[in-house]
Amino acid sequence: MKQLDFTVRSNEKLNDQNHLIKVTPSNHELLPEIFPGQFVQILVDNSPRIFLRRPISVNFVNKEKNEVWLLIQAIGEGTGRICEAVTGDRMNLLFPLGSSFTIPGEKGNYLLVGGGVGTAPLLFLGKMLHDKGVSCDFLLGGRSEKDILQRRDFEKYGTLYCATEDGSFGEKGFVTRHSLLENKRYDFIFTCGPKPMMVAVAKYAHRNGIACEVSLENLMACGFGACLCCIEKTIRGNVCACTEGPVFNLNELTWLD
Amino acid sequence: MARLEVQIGDLQLRNPVMTASGTFGYGTEYSDFIDLGRLGGVFVKGTTLEPREGNDYPRMAETPSGMLNSVGLQNKGVDYFVEHLYPVIKDYDTHMIVNVSGSTIEDYVACAAKLAGLDKMPAIELNISCPNVKEGGMAFGTSCASAASVTRAVREVYPKTLIVKLSPNVTDIAEIARSVEAEGADAVSLVNTFLGMAIDVERRKPKLSTITGGLSGPCIKPIALRMVWQVYHAVNIPIIGMGGITNWQDAIEFILAGADAIQIGTYNFVDPAASVKIVDGINDYLDRHHISSVNELVGGMNHF
């Protein structure tokens with residue numbers, strides 16, 4: 001973990017709420033190893049009401065450009081302020097934080113299920129799996145077509161399946177009702193998104209005996225295990241989602257009890 | 001930097017900047033960000049006789065310029081601390097001080113007695129001010145009689161430096177401070193969090209599982225500062241001031257109001273290196289004002 005100033009290289013508005021912000025260390029130092037599923041804590045500057053940092057998952061790491069991509073939904077005052085960043089602005093980050101998705105050594109069928117802005121860490125995960133020679137399926141969901149973000153990026157690393165609530169893109173309905181889940185047999189599922197979606201995915205995985213990892217977004221203050229606010233109930237008792245997670249194996253959680 | 005040295009009971013601190021219990025884990029959590037050896041001391045997470053799982057999620061709600069928490073003293077208990085955490089932290093190059101909490105006087109006494117035997121634990125901070133536990137905690141800190149009796153009982157078994165952490169959720173904090181001073185407390189630390197709450201209006205639900213929780217951060221600073229100033233005029237023992245400190249100016253304010261030393265709390269979450277920046281800021285301030293010892297500043301507010 002370290003605290004470092006980054007410089008904003010670009011801030012691209014992907015739809016009415018979501019921004020893709022690309023940052024690089026201001027002092028040009030090389031990024032340390034960052035794993036898919038890990039997150040950063042962004043300091044919200046010049047916003048006196050906002051006190052705490054905002055935890056944002058790593059969307060992608062471009063090693064050649066020494067660049068971290070952050071996909072941020074401007075949902076409140078803090079994230080709204082962060083999304084106002086322009087090229088050249090400084091952004092103070094604590095990073096890399098938390099656990100990561102397991103990249104299994106075995107070949108098999110991998111499914112990455114994401115909803116809304118929860119698709120963010122799955123791009124980097126898909127890339128890492130792709131680099132290991134594993135091809136995966138992405139199953140992404142959103143309210144409508146404009147909410148399915150970064151489609152072209154995802155398509156570089158696997159096959160893309162989509163579901164939208166209004167049916168404007170892919171199948172109509174929730175990802176958890178997508179026909180893919182009936183038609184193909186998977187060995188590993190990784191998921192990130194709204195909790196009801198992840199619980200439904202977890203139940204599907206459990207029912208079908210598929211290994212499953214989920215990425216949580218519990219409310220947190222510090223992001224590095226000091227405040228004990230973001231706890232998740234596990235089979236080992238209450239643990240910090242920021243240090244033991246955000247990625248958990250389904251078997252560790254008590255969701256299905 | 002001898003001019004930053006401060007004495008609290010038998011403790012000689014290299015500087016007056018310490019970190020507040022519950023915001024700094026066991027120090028280990030911060031070792032990637034700062035050199036712990038630059039701090040005057042570290043107050044580790046509240047420790048109880050028996051392990052505690054803490055309260056249910058959600059335990060945190062951000063509020064304007066601050067946050068509410070209802071962690072509820074999640075910790076693995078004093079025996080686990082002695083066996084597994086003490087061996088790791090005992091050689092840190094700063095004073096490591098355990099915050100002790102309990103539900104009954106017997107709990108406090110048993111916990112303090114176990115800690116008294118640890119060579120490299122020079123002090124404890126008696127937490128009679130946690131607002132997030134159902135029994136004990138703050139209840140001990142809100143009446144003079146109970147504050148006095150728990151201090152007296154722990155004093156009998158704990159010969160080293162005994163600091164009592166006061167609750168701000170009282171009518172007159174100065175009289176509580178006097179009552180623990182009378183029972184042999186070596187110092188007081190103040191303030192713990194203010195009892196508060198927040199409601200999610202869309203769901204019409206409390207933002208904390210416990211409904212109420214402890215408010216901390218810059219939003220409490222003016223009240224905390226006033227309380228330190230009141231206690232300064234009420235007791236003769238050293239005062240460790242805290243409540244919303246984010247920078248060296250805040251720290252100097254607390255010292256001018258009467259604090260001998262200060263603790264950085266919630267702001268550690270925002271800037272894990274804040275504490276060392278504040279040490280440097282205090283040192284620069286002493287330079288600029290040609291002050292030879294930080295002790296000269298204590299209670300040094302000028303009046304109109």
Side-chain angles (χ1 to χ4, degrees), chain A residues 1-5 32 40-55 75-79 81 92-98 195 216-246 253-255, chain B residues 19-34 42 44-46 51-76 132 207-209 213-219 244 246 265-274 277:
Chain A
M1 295 186 294
K2 52 167 66 184
Q3 178 172 200
L4 199 63
D5 276 336
V40 304
Q41 278 274 48
I42 307 180
L43 185 69
V44 183
D45 268 336
N46 305 316
S47 191
R49 282 169 53 87
I50 301 300
F51 181 61
L52 299 171
R53 288 174 183 259
R54 291 296 180 266
I75 201 172
E77 210 175 320
T79 46
R81 179 69 65 163
N92 186 268
L93 304 188
L94 307 180
F95 82 106
L97 305 174
K195 187 151 180 198
L216 308 187
E217 45 174 22
N218 293 4
L219 279 173
M220 56 181 69
C222 70
F224 48 88
C227 70
L228 309 186
C229 287
C230 64
I231 49 112
E232 180 69 22
K233 262 200 181 96
T234 70
I235 54 172
R236 292 171 286 137
N238 286 338
V239 303
C240 288
C242 65
T243 50
E244 307 282 315
L253 301 178
T254 56
W255 287 8
Chain B
T19 56
S21 176
T23 69
F24 214 71
Y26 296 91
T28 323
E29 291 83 348
Y30 283 79
S31 55
D32 277 6
F33 299 115
I34 59 166
V42 167
V44 307
K45 177 70 191 160
R52 289 181 58 95
E53 274 286 284
N55 293 320
D56 284 344
Y57 182 86
R59 293 176 171 184
M60 192 279 286
E62 190 176 17
T63 55
S65 297
M67 63 176 270
L68 290 161
N69 89 81
S70 60
V71 171
L73 293 171
Q74 179 178 330
N75 79 101
K76 292 184 173 167
N132 294 325
K207 288 191 176 177
L208 299 175
S209 68
L215 181 65
S216 61
C219 58
T246 67
T266 310
Y267 200 63
N268 290 311
F269 303 153
V270 180
D271 182 358
K277 290 174 187 167

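In what follows, chains carry the letters A, B, and so on, assigned in the order in which the sequence lines appear, proteins first and then strands, with residues in each chain numbered from 1.
Checked by atom type and distance alone, the side chain of A/Arg53 pairs as donor or acceptor with a backbone atom of B/Val270 at under 3.5 Å. Of the possible polar contacts, none joining the A/Gln3 side chain to the B/Phe33 backbone as a donor-acceptor pair under 3.5 Å is found.
Looking at heavy atoms from C-beta onward, B/Asn69 lies out of side-chain contact with A/Cys227 at the 4.5 angstrom threshold.
With a 4.5 angstrom heavy-atom cutoff, A/Asn92 does not touch chain B via any of its atoms. B/Ala61 does not touch chain A: none of its heavy atoms, backbone or side chain, sits under 4.5 Å away. Of the two parts of B/Thr63, only the backbone, made up of N, CA, C and O, holds a non-hydrogen atom closer than 4.5 Å to a non-hydrogen atom of chain A. The contact between A/Leu52 and chain B is made by backbone and side chain atoms together, counting heavy-atom distances below 4.5 Å. In this structure, the portions of B/Tyr57 lying under 4.5 Å from any heavy atom of chain A include both its backbone and its side chain.
Between A/Phe224 and B/Tyr30, the angle of the ring planes goes over 60°, which puts this pair in the perpendicular group of the 30/60° scheme.
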**Message:** Working note: A/Arg54 + B/Glu62, criterion side-chain contact (heavy atoms from CB on, under 4.5 Å); need CA distance, chi angles, decisive distance, verdict.
**Reply:** CA-CA 11 Å; A/Arg54 291 296 180 266; B/Glu62 190 176 17; 2.7 Å; yes

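In this structure, the separation between CG on B/Asn55 and CG on A/Leu228 is 11.5 Å, given to the nearest 0.5 Å. From A/Arg49, atom CZ reaches atom SG of B/Cys219 across 11.0 Å, with rounding to the nearest 0.5 Å.
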